[in-house]
Protein chains: 4
Amino acid sequence: MSADDAADEAADDTSIVTGDETYTASVVGGTGFTGGELLRILSGHPDFEVVQATSRSADNMTVGRSHPNLRGLDLRFSDPDDLESVDVLFSATPHGVSMGQVDEYFEAADAVVDLSADFRLPAAELYDEWYDGHTSPEYLERAEYALPEINRENLPGADLIAGGGCNATATMLGLKPLVDAGALGPDSGEVVVDVKVGSSEGGAGGGAASSHPERSGVVRPYAPTGHRHEAEIEAYLGLDVSFTVHAVEMVRGASATCHVFPDEPVSKADLWQAYRGAYADEPFMRIVSGGGGVYRYPEPKAVAGTNYGEVGFELDPGNRRIVVFSAIDNMMKGSAGQAVHAANVALGLPETAGLEFQGLHPVGSP
Amino acid sequence: MSADDAADEAADDTSIVTGDETYTASVVGGTGFTGGELLRILSGHPDFEVVQATSRSADNMTVGRSHPNLRGLDLRFSDPDDLESVDVLFSATPHGVSMGQVDEYFEAADAVVDLSADFRLPAAELYDEWYDGHTSPEYLERAEYALPEINRENLPGADLIAGGGCNATATMLGLKPLVDAGALGPDSGEVVVDVKVGSSEGGAGGGAASSHPERSGVVRPYAPTGHRHEAEIEAYLGLDVSFTVHAVEMVRGASATCHVFPDEPVSKADLWQAYRGAYADEPFMRIVSGGGGVYRYPEPKAVAGTNYGEVGFELDPGNRRIVVFSAIDNMMKGSAGQAVHAANVALGLPETAGLEFQGLHPVGSP
Amino acid sequence: MSADDAADEAADDTSIVTGDETYTASVVGGTGFTGGELLRILSGHPDFEVVQATSRSADNMTVGRSHPNLRGLDLRFSDPDDLESVDVLFSATPHGVSMGQVDEYFEAADAVVDLSADFRLPAAELYDEWYDGHTSPEYLERAEYALPEINRENLPGADLIAGGGCNATATMLGLKPLVDAGALGPDSGEVVVDVKVGSSEGGAGGGAASSHPERSGVVRPYAPTGHRHEAEIEAYLGLDVSFTVHAVEMVRGASATCHVFPDEPVSKADLWQAYRGAYADEPFMRIVSGGGGVYRYPEPKAVAGTNYGEVGFELDPGNRRIVVFSAIDNMMKGSAGQAVHAANVALGLPETAGLEFQGLHPVGSP
Amino acid sequence: MSADDAADEAADDTSIVTGDETYTASVVGGTGFTGGELLRILSGHPDFEVVQATSRSADNMTVGRSHPNLRGLDLRFSDPDDLESVDVLFSATPHGVSMGQVDEYFEAADAVVDLSADFRLPAAELYDEWYDGHTSPEYLERAEYALPEINRENLPGADLIAGGGCNATATMLGLKPLVDAGALGPDSGEVVVDVKVGSSEGGAGGGAASSHPERSGVVRPYAPTGHRHEAEIEAYLGLDVSFTVHAVEMVRGASATCHVFPDEPVSKADLWQAYRGAYADEPFMRIVSGGGGVYRYPEPKAVAGTNYGEVGFELDPGNRRIVVFSAIDNMMKGSAGQAVHAANVALGLPETAGLEFQGLHPVGSP
């Protein structure tokens, strides 16, 4: 079945474009960080009703025990082997799990939104190159990449949505306007992407390097080269980037600084035109570039807890460089928020539904 | 005019208990931290429309320049000398300002909610003892203390609401159930309150001690004795406390640990009864006391950005001590959130309107 | 053999008071945090030569792999079952280990300095009350408590030195001058000790609560009551305290705020006299109490990395309260530094040898 | 007078190569952060005696009031208009001050070590291009750049030493081995340098952006392009770099990630050879590149408080990229430590004298 057929079928089954009903939802893998964010968002979403959150390790415990901000939620984790029938199943399991369970997911749900890397890449060969072998490659074509700024036109009616990687998301949001504007051609220099991320990227488990005494205050190169998110950037932006990721002192947030050497000299006005053209109508994108005050460029702490992405840029005339800054909350725009945003688009709901939180100021290390 | 008369008059003027209209609101002193929080809350509040935010220093600039989370808000600061007519004026000026402008406030607004210390104490003598001389003492009796958990019954119809101090709020929320339960009598020992607060308490100005290199990572006794919030605790809880405040590494948050030596031995069951009795019906109070998981007692980071207050307790049988923990976000439950909560009660709106944000997990230094 | 005999014997064996030789030393349990601090101090100590550091898990790896600051040290961990003969063996194993190995320690070394809780309490009954059963109670009387400010007179010639607990150390340094001055008598109120500590107290292992996303930015009551360090305070200061410990955002540091209600009113001059009398001649104690500038009271970050202890105080006349502040680096004055200081005293070396580091300013979260 | 003549003269005047005397030293501008570090280092340096520390604002106050770690130092700030005669004057004034006072400095001292940018660049035109007009250009040729790894051969006998910029220092330490190895030729791609720095770079003054609530937890592009330290890199390394600086959450530390695209493919073995060749004999340089454990690449927190620099590298074969990581403490190797190191070399003292501190592990946000 092609992705289009699947989308048609999904549309038939769920009558998704009404907007005046409430969709039932479940969260598989609810004790993890992105699972918790999904529960937070969906429980406050006007169009979703959370009917199940699963966890093998925390079976029968309240969700508030794992996520203290959700203590007010009257919900207990249940066994992932007993999936309830829902309209939409959100899976927030570790990489490699959902590819083995996707058939069961579709038995329980009309649509599946997966936050892992399992369905993120469009072809099995690409997956196998960057990860281990894929066990359900037949779903790869059916899956739609979640990030609406990249793939909005294919989301309506999608029944398998694959959430993007947080670092890839930050990078692509920063670079896409330049790609679309044709600034990157055969004579461009290497695109260097230097990413800084928070400790939540390591997930709820963590190891020795994630313990507070070792992880605090670092500027730590944790993926000097070969980060898997390069694969997505190549797949969806058609761009080969020189990619390096550093862990820095924050819990949530991803910031990508992209150093771009375009084919031809560009002006500040060109850049404004490219970015405004790309994002003026996007409900979650802000262009933050210069101006006065303390917050003159994108910063993760300005978007912490929200689904917003900030992008900005500066010109370095001497060496014909464009410096692009991009900041997101890795668990929101980079994961759970992106997933719900995509589900909103897929179901024909208002795009910002459930994602209205504006963020906090001031806030400490986000 | 007595407070009751004032309340009656206010009720007459504003027809406040309808609930099906939108109230216009202004924020005086909008560049400060609590001013920003008021703008964030009110702009997302279903029953308020923000029509003005004032700032002398940032006149005509967008509110997003001061508060990066509010970049999406189409609002510019205007001159505080040109107050627009509104239903409710929220004042977030430094201590000592609103007492000199309260007459003008009431010319512009039917109701005034003041977040400074100016109208927080019920009598001029008490104010003069802890602060400098009050210049508008005639308003002190008219003002109602904002904290609904302490003063809900007097808020409906109030037209001058005085927001509580953040440290006093945290302390009173922790101790009130014990006071109500009669645990503190003439034979009780001294009540020791040891408070830990974030840097936002110092406000947007700050000085040398607030600069990042000096302020980072501190456990700094900044008010060893004589903190002014003791006055509120005495006034509204009838309790003389031994009060010490420390600055610790966070931006927002206040945590009070109260060491209480009751008249008579109490049991854990007594404590549960006292706290459940006090807070079971409170929409923003959570009792967090023991149990499993990582978050077993109140923590500021679990309520950051929210209007929730957490309280918990433990018994030290050896020395007949009750240890009470209380955690709030100083800018929310301790200031702007409390103010909006009180306004909701005063106007007959749903208490949680505009204050539904559940907080984030995980989050770094809040 | 009584402790006195043991001390005599040790004195005979080691001819310890010469001061012009170099003592060989080993560190058992070298991968832990305090083991690393011991290696750092001893490798820069003019009178010690480190000949062995043991670790079962890191056998044959360089010490720099565990402790990046020691990359320049030409030393590899070796098997703890093959202890080399040394003058002094420092043991930095988890609680409960050294009591089972103390006989082997003494086969290998003339003197043993143990940093765990195993020999910290003077009597087996006290140990059994607060910990589990002691398996080598015969050594308890022989052991001398390490903290020189408490026990200097008994350290010279000691061959078994038991390092104090960090929170007990901070507390006793703060309260001892008041105890000595007789301020605490039968009519005193309860002594409330409210402690704030960094994440290194949890050791190199850590668990879920120690992972960076969960531990960052907390004000977390982790020992509301019943902390084992109370036992030391009772044993060595003769004081029953109401003791509560909070985890706060820092890695190293312990700050104790002691709320004391003395028998009789005291003056500021009395307090200065008591503290100057106690600490004027102490090489590692500083009285920091009021004055100008940013750092007016003890702060952990002002002593991070050093063996200094800071104490200060303030009077609350209204309720006859003395507030005492005490700050140390939990891994230095509260553990490894204290141990080396005690060894210096025991061996007749200059007390500050190897412990001259003055600390850093400014520094972030220590 | 040429620099060589000046050096000769200085050598004559001070008989500097003896090594068995104590040099008197003064610190001008002693309340700032680097002034405090100078005082810390020099007061523990076996070959220096600090006889004066000046401060206009803190005249007659103890140095411990500004620098709490130096409370044990018996020294008060004095008037900068009354300079005492010393062997070496260290100036830690803001940029632009020492160029106006250098004549007075030389009246008081035989040698001057300046930590500002004033004498950092070798030619007035370069200075004027990146800063404002230089008022004492005649000293520029006389000054020797402090960083021994770059300029050791010219330091012996130098009487005017100009400390390097911290970000330039981090960058040059990372790139110099590649430059020396000829890896960067006419066909190389742009060298992108992405720097992350702590808040102490802003100095003790700070402004709104440096206040704790605004500065905490940032990943903030503060110099997207045009950072003045590019001038040094061009002057001393002959390299034009694409340079961007971000503020991140730490107080002290600078980390440079250099993305290099060499002329010809290089192997890992080539890189090890280049870096070992450059730094094997350097007393303060460590190559940290891969291997096991938590700290596999350079990190600022591993060198906080020390004069060490760490460099490491990784190869990205796909795009022929070398990623170089470099980490220093901006106030030590990037300023005060570098200055003392250079003075040691100039005076013929042991290079590591006074700079032996090994740093701490674990430590929080440095």
Side-chain angles (χ1 to χ4, degrees), chain B residues 189-190 192 194 196 207-209 211-222 224-226 230 240-244 246 248-251 253-255 257 259 261 290 293-301 304 312-321 323 325 327 361-366, chain C residues 189-190 192 194 196 207-209 211-222 224-226 230 240-244 246 248-251 253-255 257 259 261 290 293-301 304 312-321 323 325 327 361-366:
Chain B
E190 292 284 346
V192 171
D194 194 296
K196 299 88 183 166
S211 79
H212 185 268
E214 308 286 13
R215 178 62 175 74
S216 288
V218 301
V219 180
R220 177 175 293 168
Y222 94 87
T225 64
E230 287 183 44
D240 179 35
V241 293
S242 289
F243 200 73
T244 297
H246 305 77
V248 298
E249 175 61 49
M250 59 185 174
V251 166
S255 165
T257 300
H259 307 264
F261 301 89
V294 170
Y295 298 82
R296 298 178 296 149
Y297 296 99
E299 292 197 28
K301 80 179 233 177
F313 43 80
E314 206 53 76
L315 265 184
D316 193 356
N319 48 18
R320 196 189 280 187
R321 179 174 55 132
V323 193
F325 302 102
H361 173 252
V363 70
S365 200
Chain C
E190 292 285 345
V192 171
D194 194 294
K196 297 92 182 166
S211 77
H212 186 267
E214 308 286 13
R215 178 61 174 75
S216 288
V218 301
V219 181
R220 177 176 295 169
Y222 94 87
T225 64
E230 288 182 43
D240 179 36
V241 294
S242 290
F243 201 71
T244 297
H246 305 76
V248 299
E249 173 61 50
M250 58 187 175
V251 167
S255 166
T257 299
H259 307 264
F261 302 89
V294 169
Y295 297 83
R296 297 177 296 149
Y297 295 99
E299 292 196 28
K301 79 180 236 177
F313 43 79
E314 206 53 77
L315 265 183
D316 192 357
N319 47 19
R320 198 189 277 187
R321 178 174 57 130
V323 193
F325 303 102
H361 174 250
V363 70
S365 200

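It should be emphasised that the depicted structure is a prediction, and the values quoted were computed from it without experimental measurement. Below, read A as the first sequence line, B as the second, and so on, with proteins coming before strands; counting in each chain starts at 1.
Here B:E299 contributes atom CD and C:E214 contributes atom CD; the two are 9.0 Å apart, rounded to the nearest 0.5 Å. To the nearest 0.5 Å, the span separating NE2 on C:H259 from CG on B:D194 amounts to 4.0 Å.
Options B:G318, B:P224, B:P213 differ in how many heavy-atom pairs under 4.5 Å they form with chain C, and the most are formed by B:P224. If you tally non-hydrogen atom pairs under 4.5 Å between each of C:R215, C:H246, C:M250, C:H212 and chain B, the highest count goes to C:H246. Top candidate by heavy-atom pairs under 4.5 Å with chain B, chosen from C:D240, C:V251, C:T244, C:V218, is C:T244. Your options are B:S255, B:P366, B:S216, and the one with the most heavy-atom pairs under 4.5 Å with chain C is B:S216.
Partners of B:H361 according to the ring-ring contact (aromatic ring centres under 6.0 Å, His included) rule, which considers only residues two or more places apart in sequence or in another chain, are A:F33, A:H67, B:Y295. Checked against side-chain contact (heavy atoms from CB on, under 4.5 Å), C:E190 has the following partners two or more places apart in sequence or in another chain: B:F261, B:N319, C:S242.
The shortest non-hydrogen separation linking B:V323 to C:T225 is CG2-CG2, 3.8 Å. Nearest heavy-atom pair across B:P221 and C:P298 is CD-O, 3.7 Å.
Heavy-atom distances place no part of B:P317 under 4.5 Å from chain C, backbone and side chain included. Looking at C:V241, the atoms closer than 4.5 Å to chain B (heavy atoms on both sides) all sit in the backbone: N, CA, C or O. Of the atoms belonging to B:V248, it is side-chain heavy atoms, and not backbone ones, that fall under 4.5 Å from chain C.
Side chain of B:R220 to backbone of C:R296: no donor-acceptor contact under 3.5 angstrom is found.
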